[in-house]
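See structure below.
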Amino acid sequence: MPKVTLPDGSSRDYSKAISIFDVASDIGTGLAKAALAAKVDGELVDTSFVIEKDIELAIITSKSDEALELIRHDAAHVMAQAVQELFPGTQVTIGPAIEDGFYYDFARQEPFSPDDLEKIEVRMEDIVGRDLSIEREVWERDEAKRVFADIGEKYKVEIIEDIIPEGEEVSVYRQGDWFDVCRGPHLPSTGKLPRAFKLMKLAGAYWRGNSDNEMLQRIYGTAWRDKKELKLHLQRLEEAEKRDHRKLGRKLDLFHFSDEAPGSVFWHPKGWTLFLQLLDYMRQRQEEAGYVEVNTPDVMDRSLWETSGHWFNYRENMFSTQTEDDRIFALKPMNCPGSVSMFAQGLKSYRDLPLRMAEFGKVHRYEPSGALHGLMRVRHFTQDDAHIYCTEDQMEGECIDVVSLVLDIYKDFGFTDVIIKLSTRPEKRIGSDDVWDKLEGALINSLKVMGLDYVLYPGEGAFYGPKLEFVLRDAIGRDWQCGTLQVDMNLPERFDISYVDETGGRDKRPVMLHRALFGSLERFIGILIEHYEGKFPVWLSPVQAALLTITDKHDQYAREVEKRLKAQGVRVISDFRNEKVGFKIREHTLQAVPFLLVVGNREVENDELAVRTQGGEDLGSMSIEETVKLLGQAS
RNA sequence: GCUCACAUAGCUCAGCAGGUAGAGCACUUCCUUGGUAAGGAAGAGGUCAUCGGUUCAAAUCCGAUUGUGAGCACCA
């Protein structure tokens, strides 16, 4: 006698076991038609699921939050069927729903071509049109293995063997002649899949995400509830592409890359102004936060890297060089060994702690060619790095200070929803569990004290200590790690650093924290370009104002004004070209100059400037002093 | 690093199926002195990424190299 309780609290009693589809029909034929799947006591199931006992039921229609994932997962299946119909001999592997869409990985000798995507899409439409009913079957494990082995689907066999846990049933979903091992749930039939999908791109992907395995062919697609949603999504992508920092960097004349130096930035005057502006900002924030700034060599002897462990653990990522005297030097890939060496020099007392030593170090890493990506992933970058040497008791307080500093700094740029990742002890690690407890505790506690959420990445910490990572998202939805806070118990040990404690003992080992807030200045600038779409706030803007003369009669006054503004610290340029003012306005507006200062007869006469904003607002005429004030306030 | 794609003027791109290159913008010169998103005219500019092959002939076809893009792997 199952009793079914619905989300609105009402309930229905049935005299015998009944399928969800039938319950939906019982409620209304409209609902039965719209039903895609259901939630039974909070768990997703197919509409064919048979209710045998009292449950809470929620029918899922395309309006439900869960619908998109179902739609996307189904789209993956339909795509797989289309591919196997069109390209016999292609093996299927896995095909999950992902953010905004889905993918499916295939094994096939011959590569798919972009033209194939169109064909596959057409065939998908066809399969939707066939409205094949999708049925769930539970197979016996060995039987399932045999069937898939017989039809040459070795990846599926591996999935049944290795991925589906013993004890869990092996479910197979069948649509027409085609079937696939899958946990489900799925839509009732292929006809329920909205015709609002599109195949997006082709890529290689390693089987089971391991680069030792063979490479499969992955097809990415996007799928939505209806055509309108799909269109909106495609528009969003287009909008995002316009913000791409690589495009804007060229358009705004900020930097360029060259074939001779892959992954290395050539900063143009405007880009470098931006860079220095950020540097100044960070310098000031750090000074206020009690840091001292140092500088260590870029090229150091191999022995130092042996001591730090980099020579053995990180060498394939290091640039090294041999000199005439046969010594081997390496360009620093990280600042920490230099910093520890710095700490080791001279005697340190407990009175010196916490010692917060910052360095804007430029590090060099031989990153894999395929990883390079504009300013986001380069081979030479500048870190706003710092190493904090402190006692164990000071550690937690220092962590709190770092976290609140980094978040406060991000807020200045309008980044308020920052993802914080906490990576804890990996399998391969040094140090006792007691120490790890303490270090992880310090990080977790500091987040707790501040009331911050974080995403836990168990086992992802460095071998020498746990870490926090602060992640920002770029215009195209990719996440980039910017800031980081790491606790290190390896380097102090390796370099055998110590301080003199209250009793005069010289063997106290300090705790070492690594932290970077922007992370890489290069990457942070890349993110900022996309975040602001190139329209930087005045304080950051490489050019804050452009002086535009109407005719050459006004040049002399403009030159005078330029001097006065520059004396006040305004980054101003003059445009005396023989062009109409409308032309100049258009050009500097497109160059994202925040303020345009027009100079004509009226302004010369009254010693004023006609001020217009980048957004097109006319602020009228004002004196030089007022303009300077306005520029100061606008940041 | 792996898979696939791409590489033509400073930039954005055209050049269909091999017959020694084209547009717009930018640039230079001249005319125009014009008040809030493009005034006009003329001119200059390319060993078609590099190297090799096929061919009477290669930007175009083939191969390698380098770089770029997308994804994967990597990211102390």
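Every chain is numbered from 1, with letters handed out A, B, ... down the list of sequences. Side chains included, hydrogens not; waters and symmetry mates left out as well; all remaining heavy atoms used.
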If you look at every strand shown and take non-hydrogen atoms under 4.0 Å, does [X] touch a base, only sugar-phosphate, or nothing?
{"X": "A/Ser211", "answer": "sugar-phosphate"}
{"X": "A/Pro262", "answer": "sugar-phosphate"}
{"X": "A/Val598", "answer": "base"}
{"X": "A/Leu216", "answer": "nothing"}
{"X": "A/Phe112", "answer": "nothing"}
{"X": "A/Tyr314", "answer": "base"}
{"X": "A/Arg246", "answer": "sugar-phosphate"}

If you go through the side-chain atoms of [X], does one of them form a donor-acceptor pair with the base of [N] closer than 3.5 Å?
{"X": "A/Arg612", "N": "B/rA37", "answer": "yes"}
{"X": "A/Tyr206", "N": "B/rG1", "answer": "yes"}
{"X": "A/Arg365", "N": "B/rC75", "answer": "no"}
{"X": "A/Arg208", "N": "B/rC72", "answer": "no"}
{"X": "A/Asp552", "N": "B/rU33", "answer": "yes"}

Please find out if less than 6.0 Å separates the ring center of A/Tyr104 from that of A/Phe106.
->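 Centroid distance A/Tyr104-A/Phe106: below 6.0 Å, so yes.
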A/His387 ring center within less than 6.0 Å of A/Phe343 ring center =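 No: the rings miss the under 6.0 Å criterion.
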Earlier contact from the 5' end, RNA chain B, for A/Ala261 and A/Glu603 =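 Per heavy-atom nearest nucleotide, the more 5' residue is A/Glu603.
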For RNA chain B, what are the stems built from at least three Watson-Crick or G-U pairs in a row, each pair having both distances below 3.5 Å?
->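 Stems for RNA chain B, defined as runs of 3 or more consecutive pairs: B:1-7 with B:66-72, B:10-13 with B:22-25, B:27-31 with B:39-43, B:49-53 with B:61-65.
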Could you state the CG-P distance from A/Asp100 to B/rG71, rounded to the nearest angstrom?
->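 To the nearest whole Å, that distance equals 13 Å.
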Sole residue of A/Lys154, A/Arg108, A/Arg208 in salt bridge (Lys or Arg N to Asp or Glu O under 4.0 Å) with A/Glu214 =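 Going through the options one by one, the only one that passes is A/Lys154.
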With [atom1] as the reference atom in both, quote the distance from [N] to [M] in angstrom, rounded to an integer.
{"N": "B/rA58", "M": "B/rA38", "atom1": "C1'", "result": "40 Å"}
{"N": "B/rG63", "M": "B/rU54", "atom1": "C1'", "result": "11 Å"}
{"N": "B/rC48", "M": "B/rG15", "atom1": "C1'", "result": "11 Å"}

With the criterion being N/O to N/O and under 3.5 Å, what pairs connect the protein with nucleotides 5-15 of chain B, and how long is each?
residue: B/rU12; atom: OP1; partner: A/Arg250; partner atom: NH1; Å: 2.4

Is A/Arg612 paired with A/Asp618 through a side-chain N to carboxylate O contact shorter than 4.0 Å?
->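 Salt bridge between A/Asp618 and A/Arg612, a charged N being under 4.0 Å from a carboxylate O: no.
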Passing candidate, side chain to side chain donor-acceptor pair (under 3.5 Å) with A/Gln591, options A/Lys251, A/Arg586, A/Lys270 |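 Going through the options one by one, the only one that passes is A/Lys270.
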